[in-house]
Amino acid sequence: MSVFSNQSFSEHELVAFRNDRHSGLQAIIAVHSSALGPAVGGCRMYPYASEADALHDVLRLSRGMTHKSALAGLPFGGGKSIIIGDPHKQKNRALLEAMGDFVNSLGGRYITAEDVGTSVADIRTMARRTPYVAGLDDNEHGGDPSPSTAYGVFLGIRTAVRHRYGRDKLDDIGISIQGLGHVGFKLARLLIEDGATVYGADINAANLERAAAELGVRPVSSDEVLFLPVDVVAPCAMGAIWNRESISRLRAGIVCGAANNQLATPADGELLRRRGVLYCPDFLVNAGGIIEAHHQILRSGESERLAHIERIETTLAEVLRLSGERQVSTESVAREMAEDILRGSSCATEGADRSLAA
């Protein structure tokens with residue numbers, strides 16, 4: 001399992017591995033960049049098919065966090081951690097505390113939070129062994145950042161619908177959601193309240209049943225949810241779902257969801273554009289959660305937090321405009337914007353270093 005030859009290795013600053021036999025922990029932490037501040041990113045627990053798959057995922061996710069924080073205007077770098085294992089069968093206190101020790105061993109270079117397969121309660125357990133955690137404050141959601149993530153994606157969908165169809169409300173707009181867990185369920189509620197017709201699927205039958213019973217989501221199968229003849233598809237499960245084959249079957253005009261790393265390769269962003277699909281870069285629209293964590297640290301008020309999340313609309317509108325003007329993918333425009341921010345930070349730091357040396 002080579003790090004440097006991995007196609008997702010992008011000059012990462014740090015990739016660390018931990019194998020704790022006592023607890024059964026097998027984990028990787030990747031720090032992509034600390035140009036803007038300490039690397040922040042969630043801890044994902046997932047039963048990867050291989051160690052190589054786990055490494056590939058954590059490298060992609062940490063790089064995405066760098067761009068997410070930059071575009072969101074946050075003083076954070078990009079990082080991510082993964083635990084190899086089934087969260088429903090292998091998660092326990094000893095394993096989570098061992099993960100806390102692993103995070104602590106990096107001395108603050110990486111700050112963790114919840115992600116797929118982990119919860120706020122799990123991060124609290126890790127916090128017994130490390131102070132380098134985020135998203136634990138007892139707010140109205142018990143520290144859960146998923147409502148803020150869902151709100152940011154909702155704003156992204158509204159912005160894309162306005163850009164493509166010239167409509168400010170979602171009345172009579174059809175939207176399909178893949179994944180009705182923490183974020184997907186809350187997104188469905190917001191969309192339905194705004195007038196949208198929402199279809200949904202989830203590999204967890206209980207999630208789908210709850211969304212149908214409580215919200216009126218129309219159930220569909222996991223095999224068809226991405227390919228329905230709707231206006232918007234919102235992937236809110238795992239990533240790497242858009243490739244040449246799946247894009248050819250897409251029937252929606254807009255893709256905007258919370259899942260990280262939705263494109264299997266960078267070239268798939270251009271495939272979506274050529275297909276006439278308006279793709280909202282995931283690392284832009286799903287930043288609500290990390291914005292929430294930032295404002296928990298600052299002890300900000302509700303109005304400040306919401307105003308910061310609502311900047312997603314402005315940034316996305318600019319990305320969509322530039323993509324249309326330049327005839328390039330929204331993904332490439334958003335990444336270029338993030339890289340410009342990172343380069344500006346590096347130039348400022350280098351200038352300060354030169355001034356101090358003088």
Side-chain angles (χ1 to χ4, degrees), residues 1-10 12 14-32 39-66 68 78-103 105-106 110 112-119 122-123 125-126 178-179 181-184 201-204 207 222-223 226 235-243 245-246 257-266 268 282-283 286 289:
M1 182 175 58
S2 172
V3 175
F4 301 117
S5 63
N6 189 293
Q7 64 179 347
S8 294
F9 182 75
S10 178
H12 282 68
L14 171 73
V15 183
F17 301 80
R18 178 62 58 91
N19 182 20
D20 182 72
R21 293 184 180 180
H22 173 70
S23 65
L25 176 72
Q26 290 186 316
I28 308 172
I29 295 175
V31 173
H32 177 255
V40 177
C43 176
R44 174 170 295 190
M45 186 170 184
Y46 187 76
Y48 293 96
S50 68
E51 294 173 7
D53 287 348
L55 175 62
H56 179 65
D57 201 31
V58 76
L59 292 175
R60 278 169 52 88
L61 290 167
S62 57
R63 183 182 61 199
M65 289 303 300
T66 295
K68 182 182 301 189
K80 207 76 174 183
S81 60
I82 60 95
I83 299 172
I84 301 173
D86 187 335
H88 302 294
K89 299 177 181 179
Q90 295 170 267
K91 189 194 300 179
N92 55 60
R93 177 173 173 174
L95 182 141
L96 293 170
E97 290 184 344
M99 186 65 195
D101 289 335
F102 185 22
V103 171
S105 71
L106 300 186
Y110 167 69
T112 196
E114 72 150 357
D115 200 275
V116 174
T118 62
S119 65
D122 297 332
I123 305 304
T125 301
M126 295 181 198
Q178 181 195 47
H182 291 297
V183 175
D202 197 297
I203 58 173
N204 184 328
N207 287 347
S222 294
D223 290 337
L226 295 176
C236 295
M238 299 298 284
I241 56 172
W242 300 120
N243 53 42
E245 190 276 332
S246 60
N260 286 305
N261 295 328
Q262 293 174 31
L263 304 182
T265 71
D268 294 315
D282 49 70
F283 56 86
N286 68 9

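When reading the values below, keep in mind they use all heavy atoms of this one structure, side chains included, and skip hydrogens, waters and symmetry mates.
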Enter the distance from [X]:[atom1] to [Y]:[atom2] here, rounded to the nearest 0.5 Å.
X: Lys68; Y: Met65; atom1: NZ; atom2: CE; answer: 4.5 Å
X: Thr265; Y: Asn243; atom1: OG1; atom2: CG; answer: 8.5 Å
X: Ile82; Y: Thr118; atom1: CD1; atom2: OG1; answer: 12.0 Å
X: Arg44; Y: Leu61; atom1: CZ; atom2: CG; answer: 4.5 Å
X: Ile83; Y: Ile28; atom1: CD1; atom2: CD1; answer: 11.0 Å
X: Asn260; Y: Asp282; atom1: CG; atom2: CG; answer: 6.0 Å

Please check this pair: side chain of [X] against backbone of [Y], looking for a donor-acceptor N/O pair closer than 3.5 Å.
X: Tyr110; Y: Gly41; result: yes
X: Gln262; Y: Gly257; result: yes
X: Asp20; Y: Ala98; result: no
X: Thr125; Y: Arg93; result: no

Any non-hydrogen side-chain atom of [X] less than 4.5 Å from a side-chain atom of [Y]?
X: Trp242; Y: Pro235; answer: yes
X: Ser62; Y: Ser81; answer: no
X: Pro47; Y: Lys89; answer: no
X: Val58; Y: Tyr48; answer: no
X: Met45; Y: Asp122; answer: no
X: Ile29; Y: Met99; answer: yes

Minimum-distance pair of heavy atoms, taken over all atoms of [X] and [Y]:
X: Arg60; Y: Leu263; result: NH2-O, 3.0 Å
X: His12; Y: Ala30; result: CD2-CB, 4.2 Å
X: Ala258; Y: Val183; result: CB-CG1, 3.6 Å
X: Ala259; Y: Ala237; result: CB-O, 3.3 Å
X: Leu106; Y: Ala16; result: CD2-CB, 4.5 Å
X: His88; Y: Asp86; result: N-OD1, 2.9 Å

With the threshold set at 4.0 Å, does a side-chain nitrogen-carboxylate oxygen contact exist between Asp115 and Lys80?
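Between Lys80 and Asp115 there is a salt bridge, with a charged N closer than 4.0 Å to a carboxylate O.
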
